[in-house]
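Worksheet for the structure shown next.
Numbered from 1 within each chain, the chains take letters A, B, ... in sequence-line order. It should be emphasised that the depicted structure is a prediction, and the values quoted were computed from it without experimental measurement.
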Amino acid sequence: MEKKKRWVREVIGNYMVDLAALDEKVVAVSADLFRSCRMEKFMEQYPDRMYNTGIAEQNMVGFAAGLCREGFKPYAFSMASFVSMRACEQCRTDIAYANANAVLVGVYSGVSGGLSGATHWSIEDCAIMAAFPNMTVLEPSDGVQAQKMLRATLNHEGPIYIRVSVVPSVDIYSEEYEYQIGKVSIPREGKDGAILCSGVLVQYALEAAEEIFCETGKSIRVVDMHTIKPVDRQAIRDAAATGYVLAAQDHNIIGGLGQQVAAVIAEEGLQTKFKIAGIPDRFVPMARPDYLYAMFEIDKDGLKRQMLDMMGVEIHG
Amino acid sequence: MLTELSQLKEAALQIKVDLLTLCAQKSIHIGGDLSVADVMTALWQYQMHYDPQNPEDESRDRFILSKGHAAAVTSLNQAAIGCFRKEDFFQEYATNGGRFSMHSCKLVNPFVEVSTGSLGHGLSIGAGIAAGLKRKGNTRSRVYVVMGDGEQCEGSVWEAAMHASHYQLGNLVAIVDCNGLEADGTLEELTGLDDVGQKYRAFGWNVLEINGHRMEEIKDAFDSLPPPTAQAPTVIVAHTVKGNGVSFMEGNVNWHAGKMSAEQFEQAMKEIREKAEA
């Protein structure tokens, strides 16, 4: 039976009301994308705690930096591409350089924007944001994690960027699940190989791991790398010990999760086969996300194929 | 705090003398330092409520150097009110690990409200601070943002200008140092910015136009600011001369930044003193 899916951006938008209730320092800022970020409840309950700059992302981020300077905790809502690129320098200079306690939320991460096309995709945001000193980069994989992640941002010192897919996801975690920034979650254990991934790809990896197990008996660990930076080095060592590591993300293969993992493997001299899966370094025309994920081999079938190829396992039948 | 015009004029001359002294030792953004020196002297030594012993005092006025390259003139004024020793400033300026350099850096200098250098950032941050002050119920403090006129080419300035007016941030005071010159040439040649005040007026701002080298006018402008609880933000459009007071620097793009020779220093000091006496 098909599991029920929900939208992480909706979970985040709704949960902002709870966050605002927990701490009066919480305010919300957006450049005309509150509704797109599903902040309707917040708009209803806390209209005096939101600032809308209109379609002006640079001002949104600079303004948020000013609010931080006065002790507030602004959550800035935009699209991943606009906050990381249009307001890139404000993110770096006004937020990161100041080590400001702002949380930048970018929806439409990766190619999840699908038919909106490359202008609204964001396959570069991790590369950009991770390059800023002080900046923590997060990517939630399901609604439960997103909510716990958001709760964890409240007492975190320093700036955070959260990239949020608009492709719905099944719930991977239970409500009792314990979340910690910087520490991976492992929704499926395994010893014959590991898929290190984030965001919507975690559910595809889980499905791929299940099929691989059913068809070959090989057990594949699925590691949810929700914290892209700072990357959990121990989790990479552990994954490498399986001998086969596939790092996958809805992001350009350059500058994303895969290269963070690659750096650890190379620096520590870990003995493992390794492959980076993601968006190849090129622009493609508009299409639905599922079509794109299949094309880039990061959907369930693609991840399965890439993993088995690396392991040299052939499926007969 | 200085209250008399004569004191302020004297203080401004001292700032200029210090700037030239530094410029004979190190490369500084002397052109834009000199153009804004009179305004900055009045701002720091007359207008602003600021306790050098407590740079995080809630009741302070906030200062943002959006034209971050005018770091030297800012630091010298801060030294003048006792934030740190002027000798230390001269010693540390543009040294490895020093607190003072070509732009302002909060990592090492607690008297820097926010680090700046890249243009077009300050007004948005200032608006955020102004909104934060209102949210906290602080009706006493103002936020002063000093920008250049070349900086007005940055689109983000106008995003912030629109926004500050819309949110009725009357506690926000922008000062535009209109020295007419960018690094590559005049504003007239490069952008045709034209009437800055008219543009801010169209965005709903309260506009004051002054000669930024006449201390009487500068002081009057500060005295006539509406209260921080006012609705419209205020911009002071200060008409100035880049490299003001030094004949070979005035209106000369080559003196956006630089270091003077011993001969140039001698001439500059003579001219700046003569101009102050005139």
Side-chain angles (χ1 to χ4, degrees), chain A residues 20 23-32 46-76 78 82-83 85-104 132-134 158-159, chain B residues 55-60 62-64 66 68 103-110 112-138 141 143-145 147 154-169 171-172 203:
Chain A
D23 190 339
E24 60 180 16
K25 297 288 185 202
V26 170
V27 291
V29 187
S30 184
D32 195 38
Y46 297 106
D48 59 329
R49 284 166 74 173
M50 358 183 39
Y51 297 93
N52 200 330
T53 61
I55 307 163
E57 290 79 11
Q58 296 177 72
N59 186 45
M60 172 188 75
V61 175
F63 185 82
L67 286 167
C68 291
R69 190 67 184 84
E70 291 304 319
F72 292 97
K73 178 100 184 181
Y75 286 71
S78 184
F82 304 156
V83 69
M85 290 187 278
R86 178 64 69 93
C88 178
E89 202 201 15
Q90 277 78 7
C91 290
R92 187 272 236 152
T93 302
D94 305 352
I95 300 288
Y97 187 15
N99 199 25
N101 284 328
V103 180
L104 309 165
F132 300 152
N134 292 332
Chain B
E56 292 295 318
D57 174 27
E58 177 59 30
S59 73
R60 76 191 182 280
R62 275 65 166 169
F63 171 80
I64 297 171
S66 197
H103 300 102
S104 317
C105 175
K106 190 168 176 55
L107 294 180
V108 286
N109 184 350
V112 172
E113 194 77 39
V114 294
S115 300
T116 52
S118 175
L119 298 173
H121 289 242
L123 199 57
S124 291
I125 301 171
I129 290 176
L133 290 173
K134 284 183 84 166
R135 176 162 290 282
K136 285 192 280 189
N138 179 339
S141 303
V143 187
Y144 294 93
V145 179
M147 293 180 282
E154 295 281 7
S156 53
V157 169
W158 300 100
E159 292 184 5
M162 194 187 321
H163 182 64
S165 167
H166 178 68
Y167 275 95
Q168 304 186 331
L169 303 175
N171 51 353
L172 179 63
F203 277 73

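Residues of residues 86-93 of chain A that come within less than 4.5 angstrom of chain B, heavy atom to heavy atom, are A:Glu89, A:Gln90, A:Thr93 in numerical order.
Sorted by first and then second residue, the salt bridge (Lys or Arg N to Asp or Glu O under 4.0 Å) pairs involving residues 112-121 of chain B (not counting sequence neighbours) are A:Arg69-B:Glu113, B:Arg60-B:Glu113.
Using a 4.5 Å heavy-atom threshold, the side chains of B:Leu107 and A:Tyr97 count as touching. When side chains are defined from C-beta on, B:Arg62 counts as touching A:Glu70, because their heavy atoms get closer than 4.5 Å.
Remark: side-chain polar atoms of A:Gln58 are not paired, donor with acceptor, to backbone N or O of B:Ser156 under 3.5 angstrom.
Using a 4.5 Å cut-off between heavy atoms, A:Asn52 contacts chain B through both its backbone and its side chain. Contacts of A:Phe72 with chain B are made by side-chain atoms alone, with heavy-atom separations under 4.5 Å and no backbone atom involved. Residue A:Val61: no heavy atom, backbone or side chain, is found under 4.5 Å from chain B.
Between A:Tyr51 and B:Tyr167, the ring planes are tilted. Angles from 30° to 60° get that label.
With rounding to the nearest 0.5 angstrom, the CD atom of B:Glu159 is 7.0 Å from the CD atom of A:Glu57. One finds the OG atom of B:Ser118 at 8.0 Å from the CG atom of A:Asp94 (value rounded to the nearest 0.5 Å).
Highest contact tally toward chain A, considering only B:Leu133, B:Leu123, B:Val157, B:Ile64, is held by B:Leu133 [criterion: heavy-atom pairs under 4.5 Å]. When each of B:His166, B:Lys136, B:Arg135 is scored by its heavy-atom pairs under 4.5 Å with chain A, the top score falls to B:Arg135. Highest contact tally toward chain B, considering only A:Asn59, A:Ile55, A:Val27, A:Val29, is held by A:Asn59 [criterion: heavy-atom pairs under 4.5 Å].
Heavy atoms from other residues, nucleotides or ligands lying under 6.0 Å from CD of A:Glu24 number 12 at most.
In this structure, A:Ala65 and B:Ile125 approach most closely via the heavy-atom pair CB-CG1, 4.4 Å.
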